[in-house]
Amino acid sequence: YTHIGPSIPNFGAIDCYEFTFYPQSPTTIINRTSGVWNIEDDLWVYNGTLTFQNNDPVNVGGFLTAGGTTNFSYNTSDAPLNVKYFLWQWPLGGTLFMDSGHYLNFVPTLYNSNATFYSDSSLYQNIVVNNPNKVYLHSDMRINQSLTLLNGNIQTITYDTFYVILNTGAIIGGSGYIEGSLVQYVDLAPGPNGGDSPDNLVVNFPVGTANGPSPVSVDFSNVTTAGKLTVEAFQSIHPNTINSSETLGRYWRITKDEDLAFNSADITFNYRPEDFNSTTFTEATDEASMIVGKYDASWSYPSIFTRTPG
């Protein structure tokens, strides 16, 4: 189905192979006021404004390419968007609007394929990943309310380094993890991941790499100014290590923004058995006595309060 003609103020349900909205005028509109949209392949919005005014889902079996304006939220209605392969928002003029309560779902694909995400600047409300073959980022992913890694991970390092960015109060859950870089907002009040006061504020970062999860938990003491903290996991020996033969094959980069201020923090790192090299640095022999190094132009060695070998 291709629409290049005048506005359609009351569009209903549709089942088609591909839907293309390519009006000659940018003021042309299509309002879906009833029914489900089932598009077997791609949904293309080149121009004009497409608005889903009811709560029925939009099922896209291929790509969603957003070049004009696409509104998935209207008044109190939110049309869930279920995408299999690719969400691509044009960097030059494409607009996606999803208000509070909206859900973007990456659903299982055929032939065990992954999904791809590219969005210039839109703020997504709730994203659910249900693709065991991962969602690959080709841009930062900004989330306002929740990210649920139901079945599958998000890989942030593709042809460049991108970030999953959680807004103030946003939560993250599920069995999956972020392969790469996760940014979370650290507030003065207790966050959704734990803690009971600014003197005991715990923020969990479910990060990892291709060979498995290696999450980090940060327990802040006396947060005085709110801000953002970024945690990134890497599946390799730290490039500035002093003795590579006796170093874990994993490290983390932790970066705070200029706003975040706190007295101190206790950080828990979770590594994997395969991070030992099995010859000169083994889990059985060296785990109980290994130290933690912090590199910031030079090495320092923070105190270890708790070890959990095995």
Side-chain angles (χ1 to χ4, degrees), residues 134 136-137 149 152-165 172 174-184 186 193-195 200-221 223 227-258 260-310:
K134 293 189 264 191
Y136 288 80
L137 296 194
L149 302 169
N153 304 330
I154 296 177
Q155 182 165 320
T156 69
I157 302 174
T158 51
Y159 68 89
D160 203 345
T161 298
F162 301 107
Y163 299 87
V164 173
I165 304 171
I172 183 169
S175 60
Y177 59 93
I178 306 299
E179 293 187 27
S181 310
L182 174 61
V183 182
Q184 294 201 66
V186 180
N193 294 317
N200 179 24
L201 181 61
V202 180
V203 183
N204 296 317
F205 290 81
V207 296
T209 55
N211 70 345
S214 51
V216 173
S217 178
V218 184
D219 187 349
F220 291 95
S221 173
V223 177
K228 292 179 179 178
L229 192 72
T230 302
V231 175
E232 305 168 80
F234 297 92
Q235 188 179 317
S236 62
I237 294 172
H238 193 284
N240 298 104
T241 189
I242 297 172
N243 185 350
S244 61
S245 65
E246 296 184 0
T247 303
L248 280 179
R250 179 174 306 276
Y251 70 97
W252 298 262
R253 180 187 294 141
I254 300 178
T255 310
K256 76 176 191 69
D257 68 5
E258 294 180 353
L260 181 60
F262 53 92
N263 285 4
S264 61
D266 295 337
I267 305 176
T268 301
F269 297 96
N270 294 272
Y271 47 87
R272 305 185 59 78
E274 54 267 36
D275 293 337
F276 295 88
N277 64 23
S278 301
T279 53
T280 58
F281 189 60
T282 67
E283 185 175 12
T285 303
D286 299 299
E287 184 178 27
S289 59
M290 67 182 185
I291 61 175
V292 174
K294 175 187 175 184
Y295 187 80
D296 187 4
S298 62
W299 286 103
S300 61
Y301 302 95
S303 300
I304 298 176
F305 294 103
T306 304
R307 299 176 185 266
T308 309

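The backbone N or O of Ser245 sits less than 3.5 Å from a side-chain atom of Asn277, completing a donor-acceptor pair.
Looking at heavy atoms from C-beta onward, Arg307 lies in side-chain contact with Met290 at the 4.5 angstrom threshold. Considering only heavy atoms from C-beta on, Val202 comes within 4.5 Å of Ser217 through its side chain. Side-chain atoms of Ser181 and Arg253, non-hydrogen and from C-beta on, never get closer than 4.5 Å to each other. Proximity of Val207 to Tyr177: side-chain heavy atoms (C-beta onward) are nowhere separated by under 4.5 Å. Using a 4.5 Å heavy-atom cutoff, the side chains of Leu182 and Thr230 are not in contact. Side-chain contact between Lys256 and Lys228: absent, with no pair of heavy atoms (C-beta onward) separated by less than 4.5 Å.
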If you apply the rule side chain to side chain donor-acceptor pair (under 3.5 Å), what do you find for Glu283 with Tyr271, and how did you get there? CA-CA 11 Å; Glu283 185 175 12; Tyr271 47 87; over 6 Å; no
Residues Glu232, Thr161; criterion side chain to side chain contact (heavy atoms under 4.5 Å, CB included); working and verdict: CA-CA 10 Å; Glu232 305 168 80; Thr161 298; 4.1 Å; yes
Check step by step if side chain to side chain contact (heavy atoms under 4.5 Å, CB included) holds for Leu229 and Val203. CA-CA 9 Å; Leu229 192 72; Val203 183; over 6 Å; no
Show your working on side chain to side chain contact (heavy atoms under 4.5 Å, CB included) between Ile154 and Leu149 and close with a plain yes or no. CA-CA 8 Å; Ile154 296 177; Leu149 302 169; 3.9 Å; yes
Side chain to side chain contact (heavy atoms under 4.5 Å, CB included) between Thr156 and Val164, intermediate numbers included: CA-CA 7 Å; Thr156 69; Val164 173; 4.0 Å; yes
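Side-chain contact, Ser289 with Asp286: no donor N or O sits under 3.5 Å from an acceptor N or O. In this structure, a donor-acceptor pair under 3.5 Å is present between the side chains of Thr285 and Thr282. When only modelled atom types and interatomic distance are considered, Thr241 and Thr247 share a side-chain donor-acceptor pair under 3.5 Å.
Closest non-hydrogen pair, Glu179 versus Asn153, comes out as OE2-ND2, 3.1 Å. Minimum heavy-atom separation, Thr209 to Asn211: OG1-OD1, 2.8 Å. Here the closest non-hydrogen pair linking Gln155 and Ile157 is NE2-O, 3.2 Å. Of all non-hydrogen atoms in Pro215 and Pro206, the two that sit nearest each other are CB-CA, 4.1 Å. The shortest non-hydrogen separation linking Thr308 to Glu287 is O-OE2, 4.2 Å. Of all the heavy atoms in Gln235 and Ala210, the pair that sits closest is OE1-N, 3.3 Å.
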Got a list of side-chain donor-acceptor pairs under 3.5 Å for residues 260-268, not counting sequence neighbours?
none

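Partners of Ser214 according to the side-chain contact (heavy atoms from CB on, under 4.5 Å) rule, which considers only residues two or more places apart in sequence or in another chain, are Ala233, Arg250, Trp252. In this view, Tyr251 and Phe234, His238 satisfy the ring pair (Phe, Tyr, Trp, His ring centres under 6.0 Å) rule, not counting sequence neighbours. Shown here are the ring pair (Phe, Tyr, Trp, His ring centres under 6.0 Å) partners of Phe281, two or more places apart in sequence or in another chain: Phe276. Under the ring pair (Phe, Tyr, Trp, His ring centres under 6.0 Å) criterion, Phe305 pairs with no residue at all, not counting sequence neighbours. Residues forming a ring pair (Phe, Tyr, Trp, His ring centres under 6.0 Å) with Tyr163 (at least two apart in sequence, or on another chain): none.
The distance from atom OG1 of Thr279 to atom CD of Glu246, rounded to the nearest 0.5 Å, is 9.5 Å.
The aromatic rings of Tyr301 and Trp299 lie parallel to each other, their planes meeting at an angle below 30°, with 60° marking the opposite boundary.
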